[in-house]
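Throughout, a chain's letter reflects where its sequence line sits, starting with A, and its residues are numbered from 1.
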2 protein chains.
Amino acid sequence: MILARLILGLLSLSPMTGYDLKKHFDSSINHFWNADKAQIYRTLAQLVDQGLATVRTVPQENYPARQEHHITEAGRAALQDWLTGTLDRQPAREPFLGRIFFSGELERHEVLELLAARRTEAEDLQRSYRALRAELDEAALADRRGYLMAATLDHGIAHVGAELNWLDSVEGNLP
Amino acid sequence: MILARLILGLLSLSPMTGYDLKKHFDSSINHFWNADKAQIYRTLAQLVDQGLATVRTVPQENYPARQEHHITEAGRAALQDWLTGTLDRQPAREPFLGRIFFSGELERHEVLELLAARRTEAEDLQRSYRALRAELDEAALADRRGYLMAATLDHGIAHVGAELNWLDSVEGNLP
DNA sequence: GCCTGCTAGGTGAACTATCGCCTATCGGCC
DNA sequence: GGCCGATAGGCGATAGTTCACCTAGCAGGC
């Protein structure tokens, strides 16, 4: 399961609770993976079962106790294995293209509306990616770790750009 | 479920068996959606339950009888609804970026290997998309239906191109 | 006093998807 | 004679994911 590896990856940076993990997913991982809260908690339990992480309860004043999850040595090894092992290529899944594929049924103006809606979405995404990119610390990019994290964002930016170009072309030539 | 709509889309072109559907998925839909055989059969059963399709058993000589599925009027209406309704944007899922994000742990040469493997995959994909594109009948592209089907392939080509450009940049600047 | 939102950690049910396996017949290859 | 692959249609188990809901305390606004 990929989610388990991503969680291990975050735990390798610092110990976290399920709640912390959810926040990290929503902020920095969201552009290439999203995680449901329920799934995070269940996966954390799994990791503990498998000995890849341990829990430590840390009481707090005025707040519920934190269930801090720490990565174990076995966990680090599993992460390393995942990083270097072969990744089976996963099939593409683009519901939007499913529509386009069958939208020969529609009137021309309806197709143009579909494309316009897609364009709006892509532009929104582009704005949010660029905003995230602008917030990154220039100094952090010199370090390989920071560079690679930023590269995942650049990946999103590159693909949104390709999407917009594709939209230009499809709209421009639609019979 | 998107699979149900895609199957309806194919059934709207002509009546098919589960087996036929699987072949269509593997040939023309594969670049944006893949379908498991088991899932196709189950979804067909669902469509029949919902009155969106009907089955007709067509005996054959020397071969098992075909369970031909035909789209119903309700099915065509459901397809139309899906084509024009709003599509909730689905979150990105890129296991490869998950690795890149955490591969600051790795040695520089290991990161380069990851990127090189990705490049090989992308180039393979590019070749196969281009081969499919070259096979398309020029005349069919003048028709809106054919044009849009080809556009889904162009989408794949555009994105593979973006991927390769991104790889160039990441490899070129990796600290 | 009530409501909302943040902190924290869940549970249960349902749905979706994938994997391996199974039944048959026919034709062709070695 | 035995095995493989194409045709056709499925079953069962498991894995992965999502949705709705729940407990609790505290802070701040109306």
Next on the checklist: Once you apply a heavy-atom cut-off of 4.0 Å, does A:R66 come out as touching a base, just sugar-phosphate, or nothing?
Outcome noted: sugar-phosphate

Item to check | Presence of A:Y63 side-chain N/O under 4.0 Å of C:dA8 phosphate oxygens OP1/OP2 | outcome: no

Checklist entry - To the nearest Å, how far apart are A:Y41 OH and D:dA20 C1'? => result 16 Å

Next on the checklist: If you assign A:G18 and B:D36 each to the DNA chain C nucleotide with the nearest heavy atom, which residue ends up on the more 5' nucleotide?
Outcome noted: A:G18

Checklist entry - Quick one: is A:R93 getting a side-chain N or O under 4.0 Å of the C:dA17 phosphate, OP1 or OP2? => result yes

Checklist entry - C:dT7 phosphate, OP1 or OP2: any side-chain N/O from A:Q60 under 4.0 angstrom? => result no

Next on the checklist: So A:A65, base contact, sugar-phosphate only, or nothing? Heavy-atom distance under 4.0 Å.
Outcome noted: sugar-phosphate

Checklist entry - Roughly how many Å is it from CG in A:L3 to C1' in D:dG16, rounded to a whole number? => result 10 Å

Next on the checklist: D:dT7, OP1 or OP2 - any side-chain N/O from B:Y19 closer than 4.0 Å?
Outcome noted: yes

Checklist entry - Quick one: does A:R133's side chain have a donor or acceptor within less than 3.5 Å of a partner on A:S128's backbone? => result no

Checklist entry - In terms of side-chain heavy atoms, does A:H155 have a donor or acceptor partner in B:E163 at a distance below 3.5 Å? => result yes

Next on the checklist: Quick check on DNA chain C: between A:R42 and A:Q67, whose nearest nucleotide comes earlier from the 5' end?
Outcome noted: A:Q67

Next on the checklist: For the backbone of B:G75 and the side chain of B:T72, can you confirm whether one donor and one acceptor N or O come within less than 3.5 Å of each other?
Outcome noted: yes

Item to check | Residue of the set A:F101, A:F96, A:F102 for which ring pair (Phe, Tyr, Trp, His ring centres under 6.0 Å) holds with B:F32 | outcome: A:F101

Checklist outcome for this item: By nearest-nucleotide position on DNA chain D, the 5'-leaning member of B:T17 and A:M1 is B:T17

Checklist entry - Over how many whole Å does the gap from B:Q50 atom CD to C:dC15 atom P extend? => result 11 Å

Item to check | A:D49 CG - D:dA15 C1' separation (whole Å) | outcome: 16 Å

Checklist entry - Roughly how many Å is it from CG in B:N34 to P in C:dT16, rounded to a whole number? => result 16 Å

Next on the checklist: Tell me the interatomic distance from A:M16, atom CE, to C:dA8, atom C1', rounded to whole angstroms.
Outcome noted: 16 Å

Checklist entry - Looking just at side-chain N and O atoms, do B:Q67 and B:H69 make a donor-acceptor pair shorter than 3.5 Å? => result no

Item to check | Rounded distance (Å) that lies between atom P of D:dA6 and atom NZ of B:K22 | outcome: 14 Å

Checklist entry - Please give, in whole Å, the distance from C:dC15 C1' to B:Q46 CD? => result 10 Å

Next on the checklist: Please tell me if A:Q39 has a side-chain N or O lying less than 4.0 Å from either OP1 or OP2 of D:dT18.
Outcome noted: yes

